[in-house]
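Note that these values count all heavy atoms, side chains included, but never hydrogens, waters or copies made by symmetry.
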Amino acid sequence: MLITIGVIAVVGGGIAWWSVGQSASETVTGALAPITIQPDGSVVMARPGVTAPVVDVYEDYQCPACKQLELTSGSTLKNLAAEGKAKVVFHLLTIFKTDPTMSNSLRAGSAARCVTDGAQWLPYHDKLYERQPIETSVGFTADELVRWGHEVGVTSPDFEGCVRGLRNVATHQQYSNQVMASRKLAGTPTVMLNGQSLGTVAFVPSALREAVLNAAG
Amino acid sequence: MVQLASGRPVSDRLESVGTALSWVTTVARLVLGVSLFVAGAIKIGAPAVSVQAVKAYQLLPDTAATFVGHGLPIVEMIVGVLLVLGLLARPSAVVGGLLMVAFIIGISSAWARGLRIDCGCFGGGGTVGADQDPGYIWELLRDAGYLLCAAWIIYKPPGRLAMDSALGLTGSRDADASFVGDEDGETD
């Protein structure tokens, strides 16, 4: 009996060791790759001249699984771009169709489009995930969105007016609908490597890195 | 009906009832064990998804949710294997049954609070899209069925084709007292 329990404990411990190890998040060590905001509002993070492989990240600021993806694999994406191993493209969408989540997501998506400097965009993006409201309450209020922008160093003088005026809601929603239709997205987060969905591999930093490096050839 | 090898001087009718019931335990072990193992195996490769599925219920603080998200697939796989093997059948069924009680509480609570969760039990995780039906009633019925399996195994372990019998680990004297001839699973 004791031997049986002992064996079970050792096997369980071994699986736990493996599970935690292969899913451990990376840490961002060096400088980030340059970040540029595209005319359509998508955001490219890549070293100059790196055009492949392309890692497309489709996410929603209000989606809890997207927050989990950012917490787990966000650092891996930053590192891969910084190493010149991938061109990472962020597409911020609104997948929710009921409130409060839909309005929360639209306010956040609109506010992020008010950040015009790529170097300021990513810290703001990370901040929004860090402060993501729960799905059953109103969050991402105008006051919060402005304050967090200033906290992460958004300098554009027009930022506050843009956020409070919800200036980019229509553009954001239009882009979101168009991308979801054209890419046939089942939900967020979806991470695509050269156009193919990675599924849950995106949530396993070591597997994500391996997939991207293999695609680089 | 299986021919009993014990040769104890009891009536044939009692023996065959006892034999049939211990085969029911075997079936219950396989149903619960295989389901738990598959559920765990699907989640084990991507613990972050499992952690997210636990967080989606908004019942546990983040640290506890992370711990459960990592630990749950491992516990499910181990208990699943033990049930299939019939090793430590009763304690394993107790753990499996407690898991089902926890799942039923979690799903009911999510339903009552109007959360829209894809439970993540079979590979999903996170919230469902606005157009999808979370299907809570089916998940509850399914888990209630598994709970019934667990209860039966606890009531009458370890059933036929069980390592507990082979290793003399039955630990089921009280339940067996009411039926004769179900401890000779090793002769099958």
[atom2] on [Y] to [atom1] on [X], rounded to 0.5 Å:
X: A:T136; Y: B:R113; atom1: OG1; atom2: CZ; result: 8.0 Å
X: A:T4; Y: B:L88; atom1: OG1; atom2: CG; result: 5.5 Å
X: B:Q52; Y: A:T200; atom1: CD; atom2: OG1; result: 13.5 Å

State whether the number of non-hydrogen atoms from other residues, nucleotides or ligands found under 6.0 Å of [X] atom [atom1] is greater than 12.
X: A:Q196; atom1: CD; answer: no
X: B:L141; atom1: CG; answer: yes
X: A:Q174; atom1: CD; answer: no
X: A:E151; atom1: CD; answer: yes

Problem set entry | Contacts of A:T94 that satisfy side chain to side chain contact (heavy atoms under 4.5 Å, CB included) - sequence neighbours left out | A:D60, A:M102, A:S105, A:L106, A:H172, A:S176
Exercise. Listed by residue number, which members of residues 9-26 of chain A have a heavy atom under 4.5 Å from any heavy atom of chain B?
Worked result: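 Result: A:G12, A:I15, A:A16, A:W18, A:S19, A:V20, A:Q22, A:S23.
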Exercise. Where along residues 75-90 of chain A does a heavy atom come under 4.5 Å of chain B, listed by residue number?
Worked result: none
Problem set entry | Structural part of B:I78 lying under 4.5 Å from a heavy atom of chain A | side chain
Problem set entry | Best-contacting candidate, B:P73, B:A46, B:P47, against chain A by heavy atom pairs under 4.5 angstrom |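 Looking at each of B:P73, B:A46, B:P47 in turn, B:P47 comes out on top.
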Problem set entry | Qualifying salt bridge (Lys or Arg N to Asp or Glu O under 4.0 Å) pairs, either residue in residues 163-178 of chain A, two or more places apart | A:D143-A:R164, A:D158-A:R167, A:E160-A:R164
